[in-house]
Amino acid sequence: MVNVLLVVTFLSHITWAVKGSSHCKQTETWEIHPHSVAITEFGAVGDGVTLNTKAFQNAIFYLNSFADKGGAKLFVPAGRWLTGSFDLVSHLTLWLDKDAVILGSKNPDDWPVVDPLPSYGRGRELPGARHRSLIYGYNLTDVIITGDNGTIDGQGSVWWNWFQSKTLNYTRPHLVELMNSTGVLISNLNFLNSPFWTIHPVYCSRVTVRNVTILAPLDSPNTDGIDPDSSDDVCIEDCYISTGDDLISIKSGWDEYGISFGRPSTNIIIHRLTGHNRNGSGIAIGSEMSGGVSEVHAENLYFFNTSTAIIIKTAPGRGGYVRNIYISDVTLVGVDTAIRFNSNFSEHPDDFYDPNALPVIERITVKDVRGDNIKVAGLLNGIEGDSFRHLCLLSITLNVTSESPWNCSYIQGYSALVSPETCEPLKESIYPKHYSDCYYLSNHLHSSARRHLTRETMANIQS
């Protein structure tokens, strides 16, 4: 009776720290840009053959004159509009009609070569420079890329072939990259066949990606879907992604360059993400995380026929941190590994990284996960002598085919209501002593604990 009273008292005095929002806040008021022109007014031809790079560049140069007059819209009507890389400007809407397709040129000369990102120190694939993205923006404010479900197709197969045959001269381009920009909306479009990562906001603030479909063949190399990189206040919601690599990968720079640049990715919200891949993950953090990643909230996720659902990727030499991560309401079907910490991503930009720069991984909460036809529940491998702590697993039920569902080393944490039973470093119960060590156990956990407290959990509390 005394123990029961202790449990009731414990539950009635829980005060959960809520540091984030369960819904994406509308940080921008997206106003209609009043001035509008069509790309055809600048000589563009939508036959899929004529190169329209100059038309896009001239149209956007003209529309830049309206930046101080409420902004402008570039309308792309139905057609197949072949182009090389072009720059956006501030206070601009790029609008694609329903049957409009922007096609990336297959000629690498139409994708200019630019300096590497300072937080990477070199091209991600090769030393030196990199190709610029098809749609690019630098130091912009109030940029909208949207439409009536039009399409941006990078025609990336030529780039994949060059990568696989090791005949690239520079790192492959992204499909869309916005750099040092604030107030970005990308919505209601299809993105196909990116040469490399698809949507890459880097050094950006207040970015929303909503209602987009991102597709690339499952065997296409490194065609990540959305990669927020050293960016803050990012909202990703209502997206479907099927690519050859991670659906979403949160990054913040590479080894000593990311440490020196020192810009973290923080306040990242992901809602209602559906997708699959063969060689990547549903949500990844890293492996380039040297500037730090924190305050990530991901909820309402559905991954199927996927290699890994949730992964944190790092290595000695990365430095940085991953902390305050909350992932909830996840449905998995046909996934090889549900949760993974991989600490052996040993690719480095050069030989000048510090092997003693160890990452700090802490306060990672994963809860309310359901999975069928899962091979392995968790491969959770930290680094000897490092700090991988306060991993909290709550209310997880996985139908696992492996006889060894968990493999853990050099980690520390807690669990409750997990099936199959977790590995030894996570067996200590969250209740009653450790809930404050677990990031963002929100108010609905309070009622969930009341409903689902089992005899096993009661025994852990009593002990």
Side-chain angles (χ1 to χ4, degrees), residues 218 245-247 276-287 298 301-316 322 325-346 358-359 361-431 434 437-438 452 454-457 459-460 463:
L218 296 178
D245 210 324
D246 302 325
L247 308 186
H276 75 121
N277 58 47
R278 189 178 296 159
N279 299 308
S281 63
I283 291 180
I285 299 176
S287 72
L301 314 173
Y302 175 49
F303 304 135
F304 62 96
N305 300 337
T306 294
S307 175
T308 302
I310 300 159
I311 189 169
I312 295 176
K313 302 183 285 189
T314 188
V322 176
I325 311 298
Y326 176 82
I327 300 173
S328 175
D329 193 8
V330 183
T331 300
L332 308 176
V333 178
V335 171
D336 291 344
T337 304
I339 308 169
R340 188 171 186 186
F341 289 0
N342 187 336
S343 302
N344 194 34
F345 270 75
S346 55
L358 300 181
I361 314 296
E362 60 185 1
R363 290 173 57 81
I364 316 294
T365 297
V366 181
K367 69 180 287 287
D368 294 337
V369 182
R370 304 158 298 281
D372 288 319
N373 191 24
I374 310 300
K375 289 184 180 179
V376 177
L379 299 175
L380 305 173
N381 303 118
I383 300 171
E384 185 175 6
D386 197 6
S387 177
F388 284 58
R389 66 192 189 115
H390 299 333
L391 168 62
C392 298
L393 306 181
L394 174 64
S395 188
I396 296 175
T397 303
L398 303 172
N399 294 322
V400 174
T401 59
S402 171
E403 294 182 359
S404 301
W406 297 91
N407 184 317
C408 305
S409 62
Y410 307 117
I411 64 166
Q412 177 274 331
Y414 317 100
S415 63
L417 307 173
V418 176
S419 175
E421 186 179 22
T422 57
C423 51
E424 192 63 35
L426 301 178
K427 283 186 176 179
E428 189 171 358
S429 177
I430 292 172
Y431 308 108
H434 300 295
D437 296 323
C438 299
H452 299 298
T454 64
R455 290 182 180 179
E456 181 181 356
T457 307
N460 285 334
S463 62

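Since we're looking at a predicted model, the values are computed, not measured.
Exactly one residue among Leu380, Asn381, Ile311 makes a side-chain contact (heavy atoms from CB on, under 4.5 Å) with Arg340. That residue is Ile311. When Thr308, Leu332, Thr306 are each tested for a side-chain contact (heavy atoms from CB on, under 4.5 Å) with Thr337, only one passes: Thr308.
Going from atom CD1 of Ile312 over to atom CD1 of Ile283 covers 11.0 Å, rounded to the nearest 0.5 Å. Distance check, rounded to the nearest 0.5 Å: CG of Leu301 to OG1 of Thr331 gives 8.5 Å.
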Check the pair Thr397 / Arg370 against side chain to side chain donor-acceptor pair (under 3.5 Å), numbers first and verdict last. CA-CA 5 Å; Thr397 303; Arg370 304 158 298 281; over 6 Å; no
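Looking at Leu379 and Asn342, their side chains never come closer than 4.5 Å, going by heavy atoms from C-beta outward. Ser307 has its side chain within reach of Asp336: a pair of non-hydrogen atoms, C-beta onward, lies under 4.5 Å apart. Side-chain contact between Asn407 and Val376 is absent, with no heavy-atom pair separated by less than 4.5 Å. Side-chain contact between Trp406 and Glu424 is absent, with no heavy atoms from C-beta onward closer than 4.5 Å.
Taking the six-membered ring for Trp and thresholds of 30 and 60 degrees, Phe304 and His276 have nearly parallel ring planes, at less than 30 degrees apart.
Between the Gln412 side chain and the His390 main chain, a donor and an acceptor come within less than 3.5 Å of each other.
Under a 4.0 Å N-O distance rule, the pair Arg278/Asp245 does not qualify as a salt bridge.
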